[in-house]
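Numbers restart at 1 for each chain; the letters A, B, ... are given by sequence-line order, proteins then strands.
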2 protein chains.
Amino acid sequence: MSPLLDELVQALRCLPGVGAKSAQRMAFQLLERDRAGARRLADKLIAAVERIGLCQRCRTFTEDPQCSLCRASGRDDELLCVVESPADLYALEQATGYRGRYFVLHGRLSPLDGRGPRELGLDLLAERLAEGQVKELIVATNPTVEGEATAHYLAEIARAAGVSPTRIAHGVPVGGELEYIDRSTLAHAFSGRLKV
Amino acid sequence: MSPLLDELVQALRCLPGVGAKSAQRMAFQLLERDRAGARRLADKLIAAVERIGLCQRCRTFTEDPQCSLCRASGRDDELLCVVESPADLYALEQATGYRGRYFVLHGRLSPLDGRGPRELGLDLLAERLAEGQVKELIVATNPTVEGEATAHYLAEIARAAGVSPTRIAHGVPVGGELEYIDRSTLAHAFSGRLKV
């Protein structure tokens, strides 16, 4: 394989889920059938890396000072949903009818990895709550150990600001079968049962 | 999703095997965790698209006038293996101990798609055979209908130049089970049986 081709294959492996074999297939396919697509992809990669930063208000990805969700009028300023990543924000926005605002942590508390309150923008969040508009802080961090620790911390911040913290429900996934659900999810679902 | 981010997701979909969901995951991951990788990928894409062309002699991908396989001394000039794509060449080079030369068609005869002998570089192949060094033309086109038609055509060119054409064997894949092999492969394997 020519050195340039080999470098392209290596570079493609930075994409998640792309191993040696698929990277090779991608490189050959682009060179053989879609050079225009490859060039467009290169342009978009550079534009995204150079121009996409964090929204000043909610820290999601945007090329503007404030993202479209923060600028949108007609969303409920009393609800603020905290997520770990822009991908989580997007997933919620797609799946739910939520019409409040968001705040993106870009991670979760993980002191060992040097991720403390400052890295997660919690000072910005505290300022936001101090504005007084938010009534409910919906904590939608992932149900991992670190995500739960982060959720506890966020709930404290909310209470300190006189905001009511809520947590998204954890339980049996819709369509899931009890028999195949892991123990801790099942325990969660059982103890968190609701009146019907 | 911001317009730039959306454009990046769309651009990523030019990669084979990447749908809407994985493109999204890739875009978020690059922006969140590997901006350096994204920039490197963009550079390599541009370099590859701008500088990789076809080897003057065998038509495989290379950024040089002639590829490293054609320039290599110590390979057997009496053997010439014809493949449909650089990916096929690479697969053979990885899997076999073949030490002859290659010729890449970049496709197969397909008159309806406007792919005739000229598009496959068969004039260049005829010139190569006319040089008189090649003794055996190994036809390694794919065992599809068009690949077989191309193989027949190549065999005629070889015979016309006094070169002996051979075809790679088709049959039961190693590790395959007869019960699960399609009929036509099984018929091929049966009629092409060899003395042991």
Exercise. Tell me, side chain or backbone of B/Glu32 under 4.5 Å from chain A's heavy atoms, or both, or neither?
Worked result: both
Exercise. Is it the side chain or the backbone of B/Leu4 that comes within 4.5 Å of chain A heavy atoms, both, or neither?
Worked result: both
Looking only at atom types and distance, does a side-chain atom of [X] sit under 3.5 Å from a main-chain N or O of [Y], one as donor and one as acceptor?
X	Y	answer
A/Lys135	A/Gly132	yes
B/Arg59	B/Val104	yes
A/Arg167	A/Thr141	yes
A/Tyr102	A/Thr60	no

Exercise. A/Lys44 and B/Ala11: which non-hydrogen atoms are nearest, and at how many Å?
Worked result: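 The answer is CG-CB, 3.7 Å.
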For this session: Considering non-hydrogen atoms only, spot the tightest contact between A/Ile181 and A/Leu186 and give its length.
Result: CG2-N, 4.1 Å
Problem set entry | Neighbours of chain B found in residues 83-94 of chain A - heavy atoms under 4.5 Å |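 When heavy atoms of chain B are the reference, residues 83-94 of chain A contributes A/Ser85, A/Pro86, A/Ala87, A/Tyr90 within the under-4.5 Å range.
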Exercise. Which residues, numbered in order, of residues 106-117 of chain A come under 4.5 angstrom of chain B by heavy-atom distance?
Worked result: A/His106
For this session: Apply salt bridge (charged side-chain N to carboxylate O under 4.0 Å, His left out) to the pair A/Arg39 and B/Glu50, showing each step before the final yes or no.
Result: CA-CA 9 Å; A/Arg39 201 181 285 271; B/Glu50 285 183 352; 3.3 Å; yes
Exercise. So among A/Leu129, A/Leu79, A/Thr166, which one has a side-chain contact (heavy atoms from CB on, under 4.5 Å) with A/Leu137?
Worked result: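 The side-chain contact (heavy atoms from CB on, under 4.5 Å) with A/Leu137 is passed solely by A/Leu129 among A/Leu129, A/Leu79, A/Thr166.
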Exercise. Which residue, B/Glu78, B/Gln133, B/Arg57, B/Arg75, forms the side-chain contact (heavy atoms from CB on, under 4.5 Å) with B/Arg101?
Worked result: B/Arg75
Exercise. Most heavy-atom pairs under 4.5 angstrom with chain A, which of B/Asp34, B/Leu45, B/Thr62, B/Leu12?
Worked result: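 Greatest number of close heavy-atom pairs with chain A: B/Leu45.
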At a heavy-atom distance under 4.5 Å, which candidate from [options] has the highest pair count against chain B?
options	value
A/Glu63, A/Arg33, A/Arg35	A/Glu63
A/Ala38, A/Pro16, A/Gly37, A/Ala27	A/Pro16
A/Ala36, A/Gly17, A/Ala42	A/Ala42

For this session: Would you give the length of the straight line joining atom OG of A/Ser22 to atom CD of A/Gln29, rounded to the nearest 0.5 angstrom?
Result: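 Answer for the OG-CD pair, A/Ser22 versus A/Gln29, is 12.5 Å.
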Exercise. Say you draw a straight line from CE of B/Met1 to CG of B/Leu8; how long is it, rounded to the nearest 0.5 Å?
Worked result: 9.5 Å
Exercise. Is the Lys NZ or Arg CZ of B/Arg193 less than 6.0 Å from the centre of B/Phe190's six-membered ring, within 45° of the axis?
Worked result: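 The answer is yes, since B/Arg193 meets both limits relative to B/Phe190.
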For this session: Can you tell which part of A/Leu30 gets under 4.5 Å to a heavy atom of chain B, answering side chain, backbone, both or neither?
Result: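 Looking at A/Leu30, just its side chain touches chain B.
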Exercise. Within a radius of less than 6.0 Å around CZ of B/Arg71, do more than 12 heavy atoms belonging to other residues, nucleotides or ligands occur?
Worked result: yes
